[in-house]
Amino acid sequence: MKKLNIAIIGLGNIGTYLFKYLKDNRKILTKKNNCLPIVKYVSAKNKNKKRNIKIHKNLWLNNYLDATKNKNIDLIIELIGGAEGPAKKLVFESLKNKKHVVTANKALIAKYGDALSKIAEKNGVNLEFEAAVCGGVPIIRSLKEGLIANKISKIYGIFNGTSNYILSSMDKQNKSFKEVLDNAKKLGYAESNPSADLNGDDVSSKLKILSSLCFNSFLNDNIYVEGIKDIDKIDIDNANNLGFKIKLLGFAELVNNKIYQRVHPTLIKKDSYVASIDGVLNAVIVDGKPIGQTVIQGEGAGPTATTSALISDISSILRGNIKFPFSISSKERNKLKFENIDERTFSAYLRFEVIDKPGVLSNITNIFSKNKVSIKRLIQNPDKNKKSSSIIVITHKSKDRFLNKIIKEVSNKKYIKKKPKLIRIDNG
Ligand SMILES: NC(=O)c1ccc[n+]([C@@H]2O[C@H](COP(=O)([O-])OP(=O)(O)OC[C@H]3O[C@@H](n4cnc5c(N)ncnc54)[C@H](OP(=O)(O)O)[C@@H]3O)[C@@H](O)[C@H]2O)c1
């Protein structure tokens with residue numbers, strides 16, 4: 001029977017669950033893959049830390065980097081996290097020393113994936129990162145294998161469970177952003193510092209990886225990123241009244257031979273598939289030829305879903321086929337043109353909180369026409385007590401830079417009470 005010797009480095013939420021899973025499921029994994037997975041070594045930062053797994057003392061490596069040179073190890077599983085520091089050192093050294101690597105580290109792959117894949121290819125080893133993107137949703141393997149026949153024109157979806165939980169709870173529970181975020185922290189759906197989830201950075205890292213897989217390109221940083229921090233309950237209510245939901249979506253799409261990558265809150269039709277995905281779930285939608293549209297949905301994080309993805313990667317290595325980390329050889333990957341969002345056209349929702357006095361509305365509509373943005377719908381909600389008015393505009397399609405020019409111009413007006421809001425609309 002063939003064997004594969006494994007080192008798990010990092011024994012936190014994910015590492016401990018994976019360790020236990022591999023121990024409990026060794027037989028069935030061996031049967032399915034015709035190769036025996038053996039956890040030879042483990043390591044983490046603090047040897048004396050109490051963990052909810054039993055580790056035989058012979059398994060423990062005092063220096064985690066020793067795994068990279070140990071002749072008894074074939075595969076190193078990196079579960080430390082972070083784009084720099086020990087995780088980066090471990091993965092680079094492992095590949096240089098011809099070890100296969102499995103990682104759940106999206107930050108590392110989004111930043112160093114190109115350099116790492118070149119080393120893996122040169123040394124004929126695998127670099128697998130299914131768990132780095134959307135947890136248990138098997139989107140990487142689907143793109144690399146199941147959907148290999150297709151020319152992909154667009155990938156988009158909900159890639160962050162925390163922000164989706166917050167937006168859908170604001171919608172359903174009639175609560176403010178802050179109330180819902182506090183609750184999400186209590187329930188363990190948001191980290192104590194959730195900034196990367198809320199400011200769009202987490203989605204951006206995942207989108208970069210997906211985009212390069214879809215378009216056979218190198219990782220590209222030309223990506224517009226906006227999070228959900230500025231979404232008010234009133235925007236969610238307005239969206240509902242207009243027949244939309246607000247979701248934080250990531251998009252990578254090929255339009256007229258140019259690629260646009262963007263992450264932003266989006267108004268999406270209530271009856272669309274993606275609008276129905278609530279709570280911490282993730283959903284990925286792929287448009288390709290000849291297949292048409294494919295949808296995959298599931299748990300985006302947590303030890304169970306992440307372990308499911310890690311086992312998929314480990315199994316692929318147990319079966320022994322060496323693959324290009326980004327689907328095709330680095331020599332064949334494209335240098336495509338990644339366009340700035342400025343030139344992309346959108347319909348949009350704009351909200352202006354203004355002092356309620358004559359002339360304001362006509363001034364705003366003049367600014368729209370000066371910027372050649374035509375108005376599809378306009379709703380004015382006056383509040384007599386506060387002598388203020390909320391003006392909501394839905395536009396026809398216009399270049400993004402013109403929509404932003406309107407926001408900038410109106411922001412400077414004396415009649416404006418709060419920073420105006422722009423939320424792009426997408427039909428999926
Ligand atoms: N949690 C999730 O839901 C989830 C989902 C998808 C992907 N991921 C990714 O999975 C990875 C692990 O996440 P996690 O939630 O398991 O993190 P975690 O609970 O913080 O665990 C990190 C582990 O790394 C170890 N470590 C830190 N510095 C080290 C060093 N210098 N040398 C050796 N070990 C070191 C820590 O050791 P000690 O235990 O001794 O402190 C700990 O065991 C990250 O890349 C994360 O982005 C997580």
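Numbers here are sequence positions counted from 1. Both counts, for ligands and for their atoms, begin at 1 and track the order of listing. All of these numbers come straight from a predicted model, not from anything done at the bench. Just so it is clear, the values below take in all heavy atoms, side chains as well, and ignore hydrogens, waters and symmetry mates.
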Is Lys154 atom NZ crowded by more than 12 heavy atoms from other residues, nucleotides or ligands, each under 6.0 Å away?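 Enclosed: over 12 neighbouring heavy atoms sit under 6.0 Å from NZ of Lys154.
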Within 6.0 angstrom of Lys233 NZ, more than 12 heavy atoms from elsewhere: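 Buried by this count: over 12 neighbours within 6.0 Å.
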Does Ala131 reach ligand 1, in the sense of a heavy atom lying below 4.0 Å from it? yes
Does at least one non-hydrogen atom of Ser43 fall below 4.0 angstrom from an atom of ligand 1? no
Are [X] and [Y] within salt-bridge range, i.e. N to O under 4.0 Å?
X      : Y      : answer
Asp182 : Lys186 : no
Lys89  : Glu93  : no
Lys99  : Asp74  : no

Looking only at protein heavy atoms, which one is nearest to [atom], and what is the separation?
atom                    : result
atom 16 (O) of ligand 1 : Ile14 N, 2.9 Å
atom 39 (O) of ligand 1 : Arg51 NH1, 2.7 Å
atom 33 (C) of ligand 1 : Ala44 C, 3.5 Å
atom 7 (C) of ligand 1  : Ala104 O, 3.4 Å

Taking distance alone, with no angle check, do [X] and ligand 1 share an N/O pair under 3.5 Å?
X      : result
Ile9   : no
Gly302 : yes
Lys45  : yes
Tyr64  : no

Near [X], which atoms of ligand 1 are under 4.0 Å from a heavy atom of that residue?
X     : value
Pro86 : 30 (C), 31 (N)
Gly81 : 44 (C), 45 (O)
Leu11 : 23 (C), 42 (C), 43 (O)
Asn46 : 40 (O)

Only pairs under 3.5 Å count here: list side-chain donor-acceptor contacts from residues 245-259, not counting sequence neighbours, and write none if there are none.
residue : atom : partner : partner atom : Å
Lys245  : NZ   : Asp171  : OD2          : 2.6
Lys245  : NZ   : Asn240  : OD1          : 3.0
Lys247  : NZ   : Asn164  : OD1          : 3.2
Lys247  : NZ   : Ile277  : O            : 2.7
Lys247  : NZ   : Asp278  : OD1          : 3.1
Glu253  : OE1  : Arg344  : NH2          : 3.2
Glu253  : OE2  : Arg262  : NE           : 2.9
Glu253  : OE2  : Arg262  : NH2          : 2.9
Glu253  : OE2  : Arg344  : NE           : 2.9
Glu253  : OE2  : Arg344  : NH2          : 3.2

Within 45° of the axis and under 6.0 Å from the centre of the six-membered ring of Phe326, does NZ or CZ of Arg333 qualify?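 Yes, Arg333 sits over the ring of Phe326.
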Check whether Phe129 forms a cation-pi arrangement with Lys144 (NZ or CZ under 6.0 Å from the six-membered ring centre, at most 45° off the ring normal).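 Yes, Lys144 lies over the aromatic ring of Phe129.
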Would you list the atom pairs, donor with acceptor, under 3.5 Å between side chains in residues 55-63 and any protein atom, with sequence neighbours excluded?
residue : atom : partner : partner atom : Å
His56   : ND1  : Asn58   : N            : 3.1
Asn63   : OD1  : Leu65   : N            : 2.9

Test of understanding: given a 4.0 Å heavy-atom threshold, classify the contact between Thr306 and ligand 1 as side chain, backbone, both, or neither. side chain
